*Asks:* 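Shown below is the structure under consideration.
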Amino acid sequence: MLTIVAALSGRYLAGLGLWALGQGQTLPLSWRVTFISAFIGTYSHVLLDALMHADLAPFAPFSLANPWLSLLSVMQLHWFCLIAGLIGITLWPLLAYWLGKRPR
């Protein structure tokens with residue numbers, strides 16, 4: 001259910017141009033890309049939370065167990081998120097440049 005809400009609201013916000021690559025430019029998002037992105041975002045968030053929160057049950061209602069708890073320390077998880085964010089910040093302008101130079 002959360003994936004559907006994220007997809008619908010995310011597609012709407014992208015249509016407003018809030019996540020534009022340039023001034024006044026909107027992102028051309030198909031419904032397929034929108035739902036795949038929402039699914040990945042929703043379940044990667046559950047996975048990352050399950051690594052550090054004892055009260056999270058990632059497989060509920062089928063199981064209340066959390067087999068991912070403490071696979072990484074909280075410090076390792078924070079470093080992973082920081083490095084992933086830095087990679088994303090670096091790749092975003094490179095991708096925008098590459099998409100702008102690509103023949104249509």
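Just the heavy atoms: all of them, side chains too, but no hydrogens, waters or symmetry mates, feed the values below. Residue numbers count from 1 along this sequence. Values in this document were obtained by computation on a predicted structure and should not be read as measured data.
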*Asks:* As an exercise, state the distance from CD1 of I36 to OG1 of T3, rounded to the nearest 0.5 Å.
*Replies:* 12.0 Å

*Asks:* Less than 6.0 angstrom separating the ring centers of F35 and F39, yes or no?
*Replies:* no

*Asks:* Answer with yes or no whether the hydrophobic clustering places L82 together with V74; edges join I, L, V, M, F, W, Y residues whose side-chain heavy atoms lie under 4.5 Å apart.
*Replies:* no

*Asks:* Filter on side chain to side chain donor-acceptor pair (under 3.5 Å), then keep only pairs touching residues 31-40, sequence neighbours left out; what's left?
*Replies:* none

*Asks:* Tell me whether N66 contacts the main-chain N or O of A57 through its side chain, where contact means a donor paired with an acceptor under 3.5 Å.
*Replies:* no

*Asks:* How many angstroms lie between atom CG of L77 and atom OG of S70, to the nearest 0.5 angstrom?
*Replies:* 10.5 Å

*Asks:* Between CG of L47 and OG1 of T42, what distance do you get to the nearest 0.5 Å?
*Replies:* 12.5 Å

*Asks:* Any non-hydrogen side-chain atom of L69 less than 4.5 Å from a side-chain atom of L51?
*Replies:* no

*Asks:* For residues A7 and A38, report the shortest heavy-atom separation together with the two atoms involved.
*Replies:* N-CB, 3.6 Å

*Asks:* According to the ring pair (Phe, Tyr, Trp, His ring centres under 6.0 Å) rule, which pairs have a member within residues 66-89, sequence neighbours left out?
*Replies:* F59-W68

*Asks:* Which value, rounded to the nearest 0.5 Å, describes the distance between H45 atom NE2 and I40 atom CD1?
*Replies:* 15.5 Å

*Asks:* Let me check something: do I87 and W98 share a hydrophobic cluster, defined by ILVMFWY side-chain heavy atoms less than 4.5 Å apart, either directly or through other members?
*Replies:* no

*Asks:* Would you give the length of the straight line joining atom OG1 of T90 to atom CG of L95, rounded to the nearest 0.5 angstrom?
*Replies:* 12.5 Å

*Asks:* Mark yes when over 12 heavy atoms from residues, nucleotides or ligands other than L64 sit less than 6.0 Å from its CG; otherwise mark no.
*Replies:* no

